[in-house]
Amino acid sequence: MGMRAVVRAWVTGLAMAGGLAAAAQSPLFQEPRHAGPKTEAVAYLYPEQVSLPAGKPGAVALHFRIAPGLHINSHNPTDKLLIPTTLSIPDSSGVRLESASYPAGADYVLPADPKTKLNVYSGEFTIDVRLIATAGDHLVEARLRYQACDQTQCMPPKTITVPIDVVAK
């Protein structure tokens, strides 16, 4: 290969590399920028800590908020194929869920299917529970399972952790 061919190959290589560098600056080749952390459809609000008499049932109100524009199926959805909202506490936590009283849902009609009524929660809601705890301080990681939807689609079912420090004396 002559000197001219080597120089031409080198210049062509630089031009191609420059073209690739310019292409890399194009928005089509850049990573998407996110506005911030992804917001959960449902957030646990409070309480962070509760005190109960050891070995006896104690009432606790757990407060949640659903993101604007979304709803979740109530604990008693209108169709058995819909996923109900449920709260559970792990058996190994030292705390037992004796009972849970879920709020009544509100009727909701999807714009795409006005003949079908759903029973949902939106905004804020409270689950009233009765807990029985062994003596001691228990960091309980309760779980809320739900399925969030907007007016046109539902997201996959999700389970969030509901952290509660239960002090039983």
Side-chain angles (χ1 to χ4, degrees), residues 30-169:
Q30 293 180 1
E31 290 291 320
R33 291 191 179 133
H34 301 287
K38 184 178 175 184
T39 303
E40 294 290 342
V42 178
Y44 174 60
L45 301 177
Y46 61 92
E48 292 179 8
Q49 185 180 58
V50 297
S51 293
L52 302 174
K56 297 180 182 177
V60 178
L62 305 175
H63 299 263
F64 300 88
R65 178 181 300 130
I66 301 166
L70 299 177
H71 61 268
I72 64 174
N73 294 320
S74 73
H75 181 66
N76 296 308
T78 56
D79 188 305
K80 65 181 180 177
L81 297 177
L82 298 174
I83 295 168
T85 296
T86 57
L87 181 81
S88 62
I89 293 180
D91 293 335
S92 61
S93 67
V95 176
R96 183 169 56 86
L97 178 63
E98 181 182 62
S99 65
S101 178
Y102 296 85
D107 286 340
Y108 182 78
V109 177
L110 292 171
D113 187 8
K115 293 181 182 179
T116 302
K117 282 187 182 177
L118 302 176
N119 192 264
V120 304
Y121 302 140
S122 60
E124 292 189 13
F125 69 99
T126 302
I127 300 175
D128 294 313
V129 298
R130 292 186 60 78
L131 303 175
I132 299 176
T134 59
D137 190 352
H138 309 279
L139 180 55
V140 177
E141 291 189 346
R143 291 178 170 70
L144 183 76
R145 183 169 192 258
Y146 64 88
Q147 184 169 29
C149 306
D150 62 18
Q151 289 187 357
T152 60
Q153 64 184 349
C154 289
M155 295 170 233
K158 178 142 181 145
T159 301
I160 60 168
T161 299
V162 179
I164 312 163
D165 185 16
V166 178
V167 179
K169 297 178 182 180

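Since the model is a prediction, treat every value here as computed from it, not as a measurement.
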Checklist entry - Between the side chains of Thr152 and Asp150, is a donor N or O closer than 3.5 angstrom to an acceptor N or O? => result yes
Residues Thr78 and Lys117: closest non-hydrogen pair is OG1-O, 3.0 Å
Worksheet item: Donor-acceptor pair, Ser93 side chain versus Val140 backbone, under 3.5 Å?
Response: no
Could you tell me if the side chain of Arg145 sits less than 4.5 Å from the side chain of Pro157, heavy atoms only?
yes
When rounded to the nearest 0.5 Å, the distance separating CD1 of Ile72 from CD1 of Ile83 is 11.5 Å
For Arg143, is there any backbone N or O sitting under 3.5 Å from a side-chain donor or acceptor partner on Thr159? no
* Please tell me if the side chains of Leu131 and Leu97 come closer than 4.5 Å, counting only heavy atoms from C-beta onward. => yes
* **Pair Ser74, Asn119: side-chain N/O donor-acceptor within cut-off below 3.5 Å** => yes
Output for pair (Arg130 CZ, Arg96 CZ), nearest 0.5 Å, gives 11.0 Å
Rounding to 0.5 Å, atoms OG1 (Thr85) and CD (Gln147) come to a distance of 9.5 Å
To the nearest 0.5 Å, atom CG of Asp128 lies from atom NE2 of His63 at 7.5 Å
Rounding to 0.5 Å, atoms CD1 (Ile89) and CD1 (Ile132) come to a distance of 10.5 Å
**Message:** Using modelled atom types and a 3.5 Å cut-off, is there a donor and acceptor pairing between side-chain atoms of Tyr121 and backbone atoms of His75?
**Reply:** yes
Requested in this report: Check the pair Leu110, Thr116 against side-chain contact (heavy atoms from CB on, under 4.5 Å), reporting the backbone distance first and the verdict last.
Outcome: CA-CA 7 Å; Leu110 292 171; Thr116 302; over 6 Å; no
When every non-hydrogen atom of Ala133 is compared with those of Val166, the smallest separation belongs to CB-CG1, 3.9 Å
Look at the side chain of Tyr102 and the backbone N and O of Leu87, then say whether any donor-acceptor pair between them is shorter than 3.5 Å.
yes
What orientation do Phe125 and Phe64 show, parallel under 30°, tilted 30 to 60°, or perpendicular over 60°?
parallel
Heavy atoms of other groups near Asp91 CG, more than 12 under 6.0 Å = no
Residues Ala142 and Pro90: closest non-hydrogen pair is CA-CD, 4.3 Å
Closest non-hydrogen atoms of Leu70 and Ser122, given as atom of the first, atom of the second and distance, are O-CB, 3.9 Å
request  = For residues Tyr146 and Met155, determine if any side-chain heavy atom of one lies less than 4.5 Å from a side-chain heavy atom of the other.
outcome  = no
Check: So do Val167 and Gln49 actually touch side chain to side chain, heavy atoms under 4.5 Å?
Finding: yes
Any non-hydrogen side-chain atom of Val60 less than 4.5 Å from a side-chain atom of Leu52?
yes
When rounded to the nearest 0.5 Å, the distance separating CD1 of Ile164 from CD of Glu48 is 11.0 Å
Closest non-hydrogen contact found for Ala61 with Pro47 is O-CD, 3.2 Å
